[in-house]
A.B. asks: 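So that we are looking at the same thing, I have put the structure below in structure tokens.
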Protein chains: 2
Amino acid sequence: MVADLTSRRGVPDATVARLPEYLRALTALTERGVTSVSSEELAAAAGVSSAKLRKDLSHLGSYGVRGVGYDVEHLAYEIARELGLTQDWPVVIVGMGNLGRALADYSGFIKGGFRVVGLLDRDPALVGQDIAGLAVRHMDDLAAVASEHSVSIGVIATPAASAQDVCDALVDTGIRAVLNFAPCMLSVPDGVDTRRVDLSTELQILAFHSQRRMLDVAAEGVAGDEAAASAPTPVGAAR
Amino acid sequence: MVADLTSRRGVPDATVARLPEYLRALTALTERGVTSVSSEELAAAAGVSSAKLRKDLSHLGSYGVRGVGYDVEHLAYEIARELGLTQDWPVVIVGMGNLGRALADYSGFIKGGFRVVGLLDRDPALVGQDIAGLAVRHMDDLAAVASEHSVSIGVIATPAASAQDVCDALVDTGIRAVLNFAPCMLSVPDGVDTRRVDLSTELQILAFHSQRRMLDVAAEGVAGDEAAASAPTPVGAAR
DNA sequence: TAGATTGTTAATCGATTAACAATC
DNA sequence: TAGATTGTTAATCGATTAACAATC
């Protein structure tokens with residue numbers, strides 16, 4: 001019997017989510033000509049504690065040198081490899097509204113691995129237009145584009161109403177990873193990975209914290225009245 | 001001595017992050033004319049387990065009826081209130097490239113609370129242009145716009161190189177909540193809350209899972225050879 | 001009352017933190 | 001060797017899950 005292959009050399013989800021930030025910090029250090037870095041310095045650059053950084057890196061292997069630190073270039077390579085960025089990931093973007101255009105343009109900035117090979121829309125008026133050096137193709141050509149370039153990641157930048165249909169079409173072509181910018185849940189078969197990015201959710205989380213901060217200040221004000229006016233700056237700590 | 005006012009009626013972060021999804025699911029139910037829902041049904045619509053949903057809701061209060069379920073409209077109201085969406089949150093967006101335009105347009109779709117009152121850019125060619133019904137103003141007018149509308153949330157949609165300067169300017173006007181779409185860390189004083197949305201990070205997390213899935217399939221293939229060809233569909237479960 | 005479903009409890013799981021032994 | 005810093009251990013903290021008593 002084969003034992004639990006799905007969690008092979010399991011790197012915790014929380015760690016995976018931080019690896020891109022470490023990689024970005026290391027890239028910035030490389031650009032500044034820094035060749036070696038301690039966990040304390042790198043952690044500060046990435047906005048985490050050094051204990052957390054070392055714990056995270058320990059899941060990938062032993063790439064540091066005790067008493068010295070980490071070789072910036074080597075550590076960057078190992079993180080990139082762990083994330084799969086040493087491979088090629090052809091991407092299609094569906095939906096060429098403002099958001100789709102922004103994503104297509106932005107793709108030029110992405111370091112490593114990701115390559116936008118197809119832009120699709122179902123509006124005939126957009127088909128054929130050149131965006132970021134690619135001609136927009138019609139949704140009906142999705143299967144052709146996908147197989148032509150062995151597309152592995154699909155990005156949905158359509159309105160919510162079309163998102164599920166687009167997702168189904170992406171999955172039909174064999175795509176197993178979907179990034180969804182539409183404000184809706186997608187249902188996908190087992191074996192397909194989806195992530196959602198939603199402006200509205202992010203704003204709502206910010207609003208929650210802002211509101212709590214306001215209520216805290218109000219409560220502290222009342223408490224301060226009782227216990228004499230002792231706190232001149234009533235703005236509470238965030239998060 | 002005043003006891004721990006900052007975590008007043010603390011709702012866990014993990015719960016707060018899911019409230020927007022519950023609210024979206026409830027809104028969809030309202031639109032379909034559904035007036036009552038069980039934790040089981042709502043959980044399915046939001047893509048979580050019913051145990052998790054009930055636990056999350058229990059942090060807000062007791063808004064359900066045993067044996068019956070939840071009143072859709074009432075629960076939606078309570079979640080909206082908890083998130084602060086019953087208040088008005090004036091928002092400015094800085095950076096009117098494709099992404100900034102997309103965000104400005106998208107704002108029309110946002111339910112409750114958020115109101116885009118200012119669009120800013122430092123490019124004179126863009127200043128004065130009409131986007132989504134608002135005239136773009138110059139960055140130099142930020143302080144005026146912010147005080148005019150009591151702006152509480154700032155959105156950064158500029159390139160990474162300008163993001164920190166923009167953030168400092170936002171904080172200077174008294175803004176205490178910042179949503180950052182630029183691919184960089186921001187440093188802010190205590191009491192300022194920031195969140196970051198980054199395409200590149202999301203793609204990298206997808207790539208990690210895709211790569212692991214490929215490696216798992218490969219490993220299973222080898223193991224399958226040893227233990228006889230018993231698994232006809234070698235695609236492993238995602239996440 | 002009987003059936004259904006919530007809200008809570010207790011157990012489990014995973015992530016974070018602090019401290020330090022290993023070692024360059 | 002002495003100083004510095006990693007990688008790991010153990011303790012703490014927070015989130016998830018399953019089960020069920022409370023109660024409509």
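Sequence lines set the chain letters: A, B, ... in the order given, protein chains first and strands last, and positions in each chain run from 1. Everything quoted here is computed from the prediction, not taken from an experiment.
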A.B. asks: Look only at the side chain of B:Q211 and the backbone of A:E82, and say whether a donor-acceptor pair between them is shorter than 3.5 Å.
C.D. replies: yes
A.B. asks: Starting at the 5' end of DNA chain C and moving along, which residue's nearest nucleotide shows up first, A:G67 or A:A51?
C.D. replies: A:A51
A.B. asks: Specify the closest pair of heavy atoms between A:V72 and A:S36, including all atoms of both residues, with the distance to one decimal.
C.D. replies: CG2-N, 3.7 Å
A.B. asks: State which residue, out of B:H59, B:K55, B:K52, fulfils the side chain to side chain contact (heavy atoms under 4.5 Å, CB included) condition with B:T15.
C.D. replies: B:H59
A.B. asks: Going by the side chain to side chain contact (heavy atoms under 4.5 Å, CB included) test, name the single residue among B:L170, B:V178, B:V155 that passes it with B:V94.
C.D. replies: B:L170
A.B. asks: Scan side-chain atoms only and decide if A:S39 and A:R54 contain a donor-acceptor pair under the 3.5 Å cut-off.
C.D. replies: yes
A.B. asks: Can you work out whether A:K55 or B:S62 has the more 5'-proximal nearest nucleotide on DNA chain C?
C.D. replies: B:S62
A.B. asks: Consider only side-chain N and O atoms of A:T201 and B:R24, and report whether a donor and an acceptor are under 3.5 Å apart.
C.D. replies: yes
A.B. asks: List the atom of B:A182, the atom of B:A163, and the distance in Å for their closest heavy-atom pair.
C.D. replies: CB-CB, 3.7 Å
A.B. asks: Earliest and latest nucleotide of DNA chain C, 5' to 3', sitting under 4.0 Å from a non-hydrogen atom of chain A?
C.D. replies: C:dA15 to C:dC24
A.B. asks: Return the residues of residues 32-48 of chain B meeting this criterion: a heavy atom under 4.0 Å from some atom of DNA chain D. Order them by number, or give none.
C.D. replies: none
A.B. asks: Begin from the C-alpha positions of B:D88 and B:R115 and carry the test salt bridge (Lys or Arg N to Asp or Glu O under 4.0 Å) through to its verdict.
C.D. replies: CA-CA 7 Å; B:D88 187 51; B:R115 197 160 47 88; 2.6 Å; yes
A.B. asks: Of all heavy-atom pairs between A:G95 and A:A157, which one has the smallest distance, and what is that distance?
C.D. replies: O-CB, 3.7 Å
A.B. asks: Using a 3.5 Å limit on both pairing distances, list the dot-bracket string of DNA chain C from the 5' end; Watson-Crick and G-U wobble pairs count, crossing pairs take [ ], interstrand pairs take |.
C.D. replies: ..||||||||||||||||||||||
A.B. asks: What do the steps show when you test B:E21 against B:R18 for salt bridge (Lys or Arg N to Asp or Glu O under 4.0 Å), and what is the final call?
C.D. replies: CA-CA 5 Å; B:E21 187 59 43; B:R18 285 186 292 264; over 6 Å; no
